[in-house]
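Working notes, structure below.
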2 protein chains.
Amino acid sequence: MARPRRPLLSRERIVAAALLLVDAEGLDALSTRRLAGELGVSGPSLYNHLATKEELLDAIVDTVVGEVDISMFATLAAPGGGVGWRAALHAWAHSYRAALAAHPNMVPVLAQGPGHRPNALRLADAVFGGLVDAGWPRGQATRIGALMRYFVTGSALGSFARGFPDDARVYAGRYPHLSEAHLLADHQRAIDDGAFEAGLEALLDGLELRYSRLVGARPPAAAPGSAD
Amino acid sequence: MARPRRPLLSRERIVAAALLLVDAEGLDALSTRRLAGELGVSGPSLYNHLATKEELLDAIVDTVVGEVDISMFATLAAPGGGVGWRAALHAWAHSYRAALAAHPNMVPVLAQGPGHRPNALRLADAVFGGLVDAGWPRGQATRIGALMRYFVTGSALGSFARGFPDDARVYAGRYPHLSEAHLLADHQRAIDDGAFEAGLEALLDGLELRYSRLVGARPPAAAPGSAD
DNA sequence: GTCTATAATTGGATAGAC
DNA sequence: GTCTATCCAATTATAGAC
């Protein structure tokens, strides 16, 4: 085949296909040949659109980060928005986790930090700026950004429930407290979602305690939660 | 070289060398040929001690997990040990993070769950058992195990501070709130350690709030913390 | 802007000598 | 229990035709 009338490829098509491939088969399955195959072209054609494989990886990562909603941090400076930081962090954490959990194989790459990727830097800028606007000292705002990333990336890296074999014989005798661990996999979604939400609420409660000390207010009356 | 008088290799030597290699150059650098080179033998010799590469990887992972101290969960059932769960989780989290942060390239593998690895299953058994002994309902104990893993693995996956380019020009103009982000890398240890400790304390405060509601006690008076 | 052909490595694993 | 030799498949990337 010679030069087609219209390009068969584009950066966007390539990145989208690469993300699909990584999601389906892992980072190691992302080779130029394999990706080209999925796109119906031959290997070297990709090099007309991307200089190196690393550039491709960067593009995929930043696409994922671009799916995270950061709009909630824009309004925290407004008067009376002083309590908004908690709701903003909560909503952001859920959006962040949803974006990452949709592409778990990308998390180890993404968790290395923003590097020079625009969407990742925009995200960091919005979070830090929002927290400072809300009254957090800069040092604490940095820490909150970091600890939130720790929690969210950790939760998206791998399912807790799916990590346990569903064969009861694995646990019998040897691990007395795990006698029902073989059932975890059957409730993966509920357990992972529940653990994330429980951890997020605990984390935010802890931060709110610090915030109330910071501004010299009474600690908030914690909302009653459901026992389990 | 024929059969040596004494074996040149052993499972332990191989695993130790493999861990060194992964720590120094990443998971992709771990090939049978390369590893054999480090050990001063030729490639196929490894197969006298390990059936497959996957078996090797499993052994490395469980070695790392085996470095985590879980002894603090053994005594939580004792009368009056009812408040010990917080201290136990705190000490465990620090030990857990130290073990993982020493081998960050292994974290994505390890975060997939215990699988059939003995040390990982022992760890899960100890944590869950300890929390139940301390009075947590089983469902909540599961969630706490999960959310702690999220936080610790996330914190060990990659440095927050090192993720930001140290070139101030990256941020100039485009990311107004990150005008000092180029300094983060210079204080990597302090920032990452500080964020981990802050997050851990917030998390434990939040859990203690829930625990106090659970047992019908007054919420704990939070210890005064240092502002920043 | 895609193709074919190919360079130059590298990968995991096996067979059989000693 | 280690060696050499070998298999077969895969990798990133380039050169040059069309």
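Side chains included, hydrogens not; waters and symmetry mates left out as well; all remaining heavy atoms used. From a predicted model like this one, the values you see are computed outputs, not experimental measurements. Sequence lines set the chain letters: A, B, ... in the order given, protein chains first and strands last, and positions in each chain run from 1.
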Checklist entry - Can you check the A:L57 CG to D:dT11 P distance for me, whole Å? => result 15 Å

Item to check | salt_bridge(B:E55, B:R11) N-O dist < 4.0 Å | outcome: yes

Next on the checklist: Tell me whether B:R122 forms a cation-pi arrangement with A:Y175, defined as NZ or CZ under 6.0 Å from the six-membered ring centre and within 45 degrees of its axis.
Outcome noted: no

Item to check | Charged tip of A:R97 within 45° of A:F196 ring normal and under 6.0 Å | outcome: yes

Next on the checklist: OP1 or OP2 of D:dT2 versus the side-chain N and O atoms of B:S42: is any pair under 4.0 Å?
Outcome noted: no

Checklist entry - Parallel under 30°, tilted from 30 to 60°, perpendicular over 60°: which one fits the rings of A:W85 and A:W136? => result perpendicular

Checklist entry - Contact class for A:L30 (heavy atom, under 4.0 Å): base, sugar-phosphate, or nothing? => result sugar-phosphate

Checklist outcome for this item: Closest to the side chain of A:P44, out of C:dA13, D:dT14, D:dT2, is D:dT14

Next on the checklist: Could you tell me how far apart A:R13 (CZ) and C:dG1 (P) are, to the nearest whole angstrom?
Outcome noted: 14 Å

Item to check | Polar side chain donor-acceptor pair, B:H103 to B:D23, under 3.5 angstrom | outcome: yes

Checklist entry - Is the shortest side-chain N/O distance from B:T32 to OP1 or OP2 of C:dG12 below 4.0 Å? => result yes

Next on the checklist: If the cut-off is 4.0 Å, is B:S31 near the phosphate of C:dG11, judged by side-chain N/O to OP1 or OP2?
Outcome noted: yes

Checklist entry - Nearest-Å distance, CG (B:L50) to C1' (C:dA13)? => result 13 Å

Item to check | Nucleotide of C:dA5, C:dT14, C:dG11 approaching B:Y47 most closely (side-chain heavy atoms) | outcome: C:dT14

Checklist entry - Roughly how many Å is it from CG in B:L35 to C1' in C:dG11, rounded to a whole number? => result 14 Å

Checklist entry - Per the atom types in the model, does the base of C:dT10 pair as donor or acceptor with the side chain of B:R33 at under 3.5 Å? => result no

Item to check | d(CG, B:N48; P, C:dC18) in whole Å | outcome: 17 Å

Checklist entry - B:R34 CZ to C:dT9 P: how many Å, rounded? => result 16 Å

Next on the checklist: Without decimals, in angstroms, what is the distance between A:L39 CG and C:dG1 P?
Outcome noted: 16 Å

Checklist outcome for this item: Among the nucleotides C:dT14, D:dT2, D:dA13, whichever has the atom closest to the side chain of B:L8 is D:dT2

